[in-house]
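First up is the structure itself, then whatever we jot down about it.
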Amino acid sequence: MKIVNSIEELRTGLAQEKGVGRSVGFVPTMGALHDGHLSLVKQGVEENDVCVVSIFVNPTQFNDRNDLATYPRTLDKDCAMLEAAGCDYLFAPSEAEMYPVPDTRRFDFGTLSQVMEGAYRPGHFNGVAQIVSKLFDAVKPDRAYFGEKDFQQIAVVRAMAKQLDLPVQIIACPILREEDGLAMSSRNVRLTPGQRQKAPLIARTLKESTNFVPGKSVREVMEYVVHTINNEQVMRVEYFEIVDGHTLEAIENWTDTTYPVGCIVVYCGEVRLIDNIKY
Ligand code: AMP
């Protein structure tokens with residue numbers, strides 16, 4: 001695995017690969033890798049001749065300084081995991097490399113970037129679009145892999161690729177979970193043992209709630225999920241919305257869409273956990 005820190009070095013290396021007709025798959029990450037990330041890398045390795053993974057904790061997508069400051073960083077361990085997974089290039093740039101001058105671009109993806117994460121983390125998706133567009137420009141991948149755990153992020157990245165007319169295929173990969181159902185996340189290591197024990201309640205409740213469809217109304221299912229999770233002392237639901245998976249518009253009836261998805265964010269103590277389920 002080649003480890004590169006500069007865009008120029010990455011471009012030179014990948015130009016050689018593309019020059020001999022090799023396809024390039026790309027997995028952008030913020031590091032502190034776990035099996036969820038590795039499932040994306042595995043798919044990237046299988047479906048392309050060359051697999052590139054980036055590790056960059058992007059400051060412009062954090063609206064909470066404390067979240068940025070406490071975001072786990074484990075580069076040496078990440079390198080070993082990527083090497084073992086068959087990654088060909090690790091791109092690990094500095095902040096100065098990605099933002100030599102401030103990025104003043106403002107994106108507008110309408111509803112897709114305004115609801116849910118867009119509403120609760122102002123500026124988050126603008127930061128995501130800034131960094132992903134820069135990374136796409138550096139890598140120019142044929143395929144890019146994103147996890148469905150960040151369901152709304154995939155919709156935003158697809159919209160961005162369309163808006164900028166980028167010739168990249170965006171591939172959505174299923175959520176990887178711990179044995180007890182908790183969606184794998186870099187932030188899980190910040191849970192105390194007590195919180196970690198309670199955290200699977202989120203996935204369990206979402207799964208249970210699928211049994212009520214379509215017998216109970218959308219509102220009743222929403223209330224069930226929110227009440228069940230909020231009943232646990234260490235948990236606080238920030239939002240739970242059942243949306244059309246394509247437009248991300250909230251639905252009122254199950255018949256409003258053929259693709260209902262429930263998207264949730266829960267604070268478990270101080271740790272912000274995200275998950276979703278298809279109904
Ligand atoms: P992050 O490092 O959190 O920015 O995540 C990098 C990529 O890995 C994103 O596309 C995430 O959606 C994806 N990812 C994170 N956790 C999981 C998971 N548990 N299962 C599948 N993909 C994931």
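The shown structure was predicted, so the numbers you read here are calculated from the model rather than taken from an experiment.
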Straight-line distance of Cys263 SG to Lys149 NZ, nearest 0.5 Å: 12.5 Å
Any chance the rings of Phe107 and Phe125 have centres within less than 6.0 Å? no
Is Val128 reachable from Phe91 through a run of hydrophobic residues whose side-chain heavy atoms are each under 4.5 Å from the next? yes
Ring centroids only, cut at 6.0 angstrom: are Tyr145 and Phe26 within range, meaning strictly under it? no
Does Ser217 offer a backbone N or O that forms a donor-acceptor pair with the side chain of Glu220 under 3.5 Å? yes
N/O donor-acceptor pair under 3.5 Å between His124 side chain and Gln61 backbone: yes
Pair Thr228-Arg204, side-chain donor/acceptor within less than 3.5 Å: no
Do Arg143 side-chain atoms and Gly44 backbone N/O form a donor-acceptor pair below 3.5 Å? no
When rounded to the nearest 0.5 angstrom, what distance separates CG in Leu176 from CG in Leu40? 9.0 Å
Using a 3.5 Å distance criterion without hydrogens, assess whether the side chain of Asn48 forms a donor-acceptor pair with backbone atoms of Val50. no
Please determine whether side-chain contact (heavy atoms from CB on, under 4.5 Å) holds for the pair Met160 and Val132, giving the CA-CA distance in whole Å, both sets of side-chain angles, and the decisive distance to 0.1 Å. CA-CA 9 Å; Met160 182 201 76; Val132 176; 3.9 Å; yes
Asp88 side-chain N/O to Met1 backbone N/O, donor-acceptor pair under 3.5 Å: no
Members besides Met30 in its Ile/Leu/Val/Met/Phe/Trp/Tyr cluster (side-chain heavy atoms under 4.5 Å): Val57, Phe62, Leu68, Tyr71
Who are the ring-ring contact (aromatic ring centres under 6.0 Å, His included) partners of His34, not counting sequence neighbours? His37
Identified side chain to side chain contact (heavy atoms under 4.5 Å, CB included) partner of Phe240 from the options Ile229, Leu206, Ile202: Leu206
Can you give me the closest heavy-atom contact between Ala85 and Val41, atom names plus distance? CB-CG1, 4.0 Å
What residues form a ring-ring contact (aromatic ring centres under 6.0 Å, His included) with His227, not counting sequence neighbours? none
Is any NZ, NE, NH1 or NH2 atom of the basic residue among Arg121 and Asp64 found under 4.0 Å from an Asp or Glu carboxylate oxygen of the other? no
Give a yes or no answer on whether the side chain of Glu97 reaches the backbone of Ile7 with a donor-acceptor pair at less than 3.5 Å. yes
Has Trp254 got a side-chain atom pairing as donor or acceptor with Pro260's backbone, closer than 3.5 angstrom? no
Between CG of Asp78 and SG of Cys87, what distance do you get to the nearest 0.5 Å? 11.0 Å
Determine whether a donor-acceptor pair (N or O, by modelled atom type, separation under 3.5 Å) exists between the side chain of Asp103 and the backbone of Arg105. yes
Using a strict cut-off of less than 4.0 Å between a Lys/Arg side-chain nitrogen and an Asp/Glu carboxylate oxygen, indicate whether Asp137 and Lys140 qualify as a salt bridge. yes
Is the shortest side-chain heavy-atom distance between Ser185 and Asn188 below 4.5 Å? yes
Using atom types as modelled and distance alone, determine if a side-chain donor or acceptor of Gln130 lies under 3.5 Å from a backbone N or O of Thr104. no
How many angstroms lie between atom CD1 of Ile242 and atom OG of Ser209, to the nearest 0.5 angstrom? 6.5 Å
At what distance, to the nearest 0.5 angstrom, does CD1 of Ile251 lie from CG of Leu248? 12.0 Å
Less than 3.5 Å apart, any donor N or O on the side chain of Thr205 or Tyr224 sitting next to an acceptor on the other? no
Side chains of Val237 and Tyr267: closer than 4.5 Å at any heavy-atom pair? no
Got a sec, which pairs hit salt bridge (Lys or Arg N to Asp or Glu O under 4.0 Å) with one end in residues 266-279, sequence neighbours left out? Glu117-Arg272, Glu148-Lys278, Arg177-Asp275, Glu238-Arg272
Do any pairs count as a side-chain hydrogen bond (donor to acceptor under 3.5 Å, both in side chains) and have a residue in residues 17-31, sequence neighbours left out, and if so which ones? Glu17-Arg22, Glu17-Tyr89, Ser23-Asp49
Donor-acceptor pair between Asn230 and Arg236 side chains, under 3.5 angstrom: no
Whether the side chain of Asn253 engages the backbone of Asp256 through a donor-acceptor N/O pair (distance < 3.5 Å, no angle test) should be reported. no
For the residue pair Phe136 and Phe146, categorise the inter-ring angle as parallel (less than 30°), tilted (30 to 60°) or perpendicular (more than 60°). perpendicular
By side chain to side chain contact (heavy atoms under 4.5 Å, CB included) - contacts of Pro72 (at least two apart): Ala32, Ser186, Val189
